[in-house]
Visitor: 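Take this structure first; my questions come after.
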Amino acid sequence: MVANSWWDAAHAQAGLPPMTIHDLRHTAASLAVSTGANVKAVQRMLGHASAAMTLDTYSDLFDDDLDAIAGRLNEVAETSVGKMWAKPP
């Protein structure tokens, strides 16, 4: 990073902690994965060669994701699966 660049000046003026443009890229990708964005879309956004590379880099950032998935699956099971099996032939 070049010292005293426009980026550094903007951070100083805004009162923000030091960060790189790559930090912003990482944050955008992490938030996209966390909100459930299509991983192929995130892959294209980042220019990664494969979706696997995107997932390997960003999918482990949010520890509560597994709990959220379990909760959503439970909701679906209670509302959809039970009804599907309860239908008369």
Side-chain angles (χ1 to χ4, degrees):
M1 182 166 77
V2 177
N4 300 315
S5 69
W6 66 269
W7 182 253
D8 294 331
H11 276 88
Q13 186 176 6
L16 296 173
M19 69 180 82
T20 66
I21 291 175
H22 186 77
D23 291 334
L24 293 180
R25 170 187 164 92
H26 191 74
T27 299
S30 300
L31 291 173
V33 169
S34 175
T35 60
N38 180 306
V39 76
K40 291 297 283 184
V42 178
Q43 172 200 347
R44 288 193 313 260
M45 177 179 86
L46 298 173
H48 286 164
S50 71
M53 178 181 180
T54 304
L55 286 173
D56 287 345
T57 305
Y58 296 103
S59 64
D60 65 338
L61 297 176
F62 301 94
D63 293 334
D64 59 346
D65 282 348
L66 289 177
D67 292 336
I69 291 169
R72 287 192 300 264
L73 286 172
N74 190 43
E75 289 172 15
V76 169
E78 290 174 352
T79 59
S80 301
V81 176
K83 289 180 182 178
M84 178 179 71
W85 289 107
K87 289 181 182 177

Visitor: Would you check if the side chain of Asn74 reaches a backbone N or O of Gly71 as a donor-acceptor pair within less than 3.5 Å?
Guide: no
Visitor: Is there a path of hydrophobic side-chain contacts, each under 4.5 Å between heavy atoms, that joins Met19 and Trp6?
Guide: yes
Visitor: Is there a side chain to side chain contact (heavy atoms under 4.5 Å, CB included) between Gln43 and Met53 once you walk through the steps?
Guide: CA-CA 8 Å; Gln43 172 200 347; Met53 178 181 180; over 6 Å; no
Visitor: Working to the nearest 0.5 Å, report the span between CG of Asp8 and OG1 of Thr20.
Guide: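 Here the interatomic distance stands at 10.5 Å.
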Visitor: How long is the gap from CG on Leu16 to CH2 on Trp7, to the nearest 0.5 Å?
Guide: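 If we round to the nearest 0.5 Å, Leu16:CG and Trp7:CH2 are 8.5 Å apart.
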Visitor: Apply side-chain contact (heavy atoms from CB on, under 4.5 Å) to Ala12 and list each qualifying residue two or more places apart in sequence or on a separate chain.
Guide: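 side-chain contact (heavy atoms from CB on, under 4.5 Å) list for Ala12, sorted by chain: empty.
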Visitor: Any chance you could lay out the side chain to side chain contact (heavy atoms under 4.5 Å, CB included) test for Ser30 and Thr27, step after step, and finish with the verdict?
Guide: CA-CA 5 Å; Ser30 300; Thr27 299; 5.7 Å; no
Visitor: With clusters built from Ile, Leu, Val, Met, Phe, Trp and Tyr whose side-chain heavy atoms come within less than 4.5 Å, directly or transitively, what are the remaining members of the cluster of Ile69, listed by chain and number?
Guide: Leu73
Visitor: Sequence neighbours excluded, which residues qualify as side chain to side chain donor-acceptor pair (under 3.5 Å) partners of Asn38?
Guide: none
Visitor: If the test is side-chain contact (heavy atoms from CB on, under 4.5 Å), which one of Arg44, Lys40, His48 qualifies with Thr54?
Guide: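 Testing each of Arg44, Lys40, His48 against Thr54, the sole residue satisfying side-chain contact (heavy atoms from CB on, under 4.5 Å) is His48.
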Visitor: Which residues pass the side-chain contact (heavy atoms from CB on, under 4.5 Å) test with Ala52, sequence neighbours left out?
Guide: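 Result, side-chain contact (heavy atoms from CB on, under 4.5 Å) vs Ala52: Ser50.
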